[in-house]
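These notes are about the structure you will find just below.
What you see is a predicted model, and the numbers here were worked out from it, not measured in a lab. Reminder, nothing fancy here: chain letters follow the sequence lines and each chain counts from 1.
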Protein chains: 2
Amino acid sequence: MRADARRNYERLLTEAAAAFGANGTEASLEDIAKAAGVGVGTLYRHFPTRQDLILAVLRDRFEAMAATARDLTAGDPGRALRGWLLAQLHHITATRGLTAELAVAVNNPESPLHGQCESLFSISAGLLAKAKETGAVRPDLTQPDLAAIVHGIAWSCESDPARQERLLDLFLEGVLL
Amino acid sequence: MRADARRNYERLLTEAAAAFGANGTEASLEDIAKAAGVGVGTLYRHFPTRQDLILAVLRDRFEAMAATARDLTAGDPGRALRGWLLAQLHHITATRGLTAELAVAVNNPESPLHGQCESLFSISAGLLAKAKETGAVRPDLTQPDLAAIVHGIAWSCESDPARQERLLDLFLEGVLL
DNA sequence: GCATAAGCGGAGGCAGCCTCCGTATATTTA
DNA sequence: TAAATATACGGAGGCTGCCTCCGCTTATGC
């Protein structure tokens with residue numbers, strides 16, 4: 001890959017992340033190209049579809065999430081699970097406007113990002129298994145349950161982290177007496 | 001209002017509901033107008049913005065939800081609350097593709113639909129208050145908590161009602177042992 | 001320095017958004 | 001029932017954003 005091509009690629013990614021964060025996934029691609037100082041043609045060569053661009057932006061997030069997950073596997077299993085769920089909420093929220101796309105990647109095996117999701121899942125499943133072993137959580141709880149509830153909470157309280165945390169705790173502790 | 005105008009209004013609403021259900025909120029307005037057998041001009045006169053059209057479609061759902069809620073206020077408070085949350089999930093799912101808009105209406109006091117939301121809220125708050133009185137649920141639970149979690153679950157499992165119900169029960173019963 | 005492969009840019013064709021206003025039709029009035 | 005009037009209709013047209021295509025530019029290897 002030529003040096004200028006790589007430079008443009010990075011610039012586009014940066015501007016896209018900013019634009020999606022500010023205006024959601026519908027941000028104008030022509031504007032993103034302009035902001036990155038390249039023509040539309042260049043944008044489309046690097047990212048043939050809007051989806052490709054979105055996925056590329058998300059890819060970075062995955063790295064960060066995986067790192068967090070690895071850190072947590074060291075600690076106390078009961079706390080670790082809550083910590084991991086909370087960390088997921090933070091990461092998803094940091095990707096404001098891309099929550100829906102992220103959920104698609106998680107749920108749809110066709111998505112090019114699904115592979116990376118799987119690696120997160122296995123970490124997540126590991127944390128869950130440990131928590132079950134120590135009797136910290138109910139044994140019928142599954143990894144997909146956790147993924148679904150976390151995305152649901154992240155999405156429905158996208159701009160209210162305090163409520164996210166509250167809902168997570170309600171979920172963990174239960175509501176019925 | 002002239003008779004033909006009313007007829008066109010109804011037709012547009014019907015076609016819009018179908019189009020939004022099939023293609024999401026981004027469905028082409030020109031296509032909706034065509035399907036309803038009117039010109040775009042007519043569509044825009046009745047519904048100046050896409051938002052107006054979406055809200056009009058949602059309005060019907062609210063009637064149905066309010067009716068369900070009233071029915072439930074009669075039964076056993078503990079069960080009634082779960083029944084109401086489940087009914088909400090069903091209603092929201094029936095509005096496939098409009099979940100996000102519905103959530104906006106609920107959370108944003110500026111929304112023209114917020115008034116109707118409020119009336120649902122008061123019914124909902126009534127059910128919650130009764131459940132608290134009988135000691136069925138924890139006393140710190142609030143109506144907004146319930147609204148947020150229900151929308152989150154509905155959104156994240158839009159096409160999987162079984163998982164919706166499962167997540168709802170996990171939420172009610174709790175996950176930690 | 002030159003050849004050549006790799007990459008660039010933006011014009012242009014297309015689709016959907018929304019407005020505007022001349023035309024048509026329902027309703028009222030006499 | 002026919003004229004008068006208010007009401008509503010339709011779709012052309014201007015605009016913006018999407019995406020493709022290809023002649024031009026520039027980096028890189030020899």
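- Put simply, B/T42 has a side-chain N or O that comes within less than 4.0 Å of OP1 or OP2 on D/dG10.
- Side-chain nitrogen and oxygen atoms of B/R2 include none within less than 4.0 Å of the OP1 or OP2 phosphate oxygen of D/dA6.
- Using a 4.0 Å cut-off, some side-chain N or O of B/R50 falls inside it from OP1 or OP2 of C/dC17.
- Remark on DNA chain C: of its neighbouring residues B/M1 and B/L29, the 5'-side contact belongs to B/L29, judged by nearest-heavy-atom nucleotide.
- A sub-4.0 Å separation between OP1 or OP2 of D/dC9 and a side-chain N or O of B/H46 is present.
- Atom CZ of A/R7 and atom C1' of D/dT25 are 14 Å apart (whole Å).
- Residue A/N8 places no side-chain N or O under 4.0 Å from the OP1 or OP2 atom of C/dG7.
- Within the structure, ring pair (Phe, Tyr, Trp, His ring centres under 6.0 Å) pairs that include any residue of residues 74-111 of chain A do not occur (at least two apart or interchain).
- Residue A/V40 has its side chain nearest to C/dG10 when only C/dG7, D/dA8, C/dG10 are considered.
- Counting non-hydrogen atoms of other residues, nucleotides and ligands closer than 6.0 Å to CZ of A/R59 gives a total above 12.
- Both B/D4 and B/R45 sit near DNA chain C, but only B/R45 has its closest nucleotide nearer the 5' end.
- Between A/E26 atom CD and D/dT16 atom P the separation is 18 Å, expressed in whole Å.
- Atom CD in B/E30 sits about 13 Å away from atom C1' in D/dC15, given to the nearest Å.
- For A/S28, no side-chain nitrogen or oxygen approaches OP1 or OP2 of D/dT16 to under 4.0 Å.
- Within a 6.0 Å radius of CZ in B/R79, other residues, nucleotides and ligands contribute 12 heavy atoms or fewer.
- In the set D/dT20, D/dA12, C/dG9, the nucleotide with an atom closest to the side chain of A/V38 is C/dG9.
- We find that CG of B/D52 is positioned 11 Å from P of C/dT19, with the value rounded to whole Å.
- B/H46 and B/Y9 have perpendicular rings, their planes meeting at more than 60° on a 0 to 90° scale where under 30° would count as parallel.
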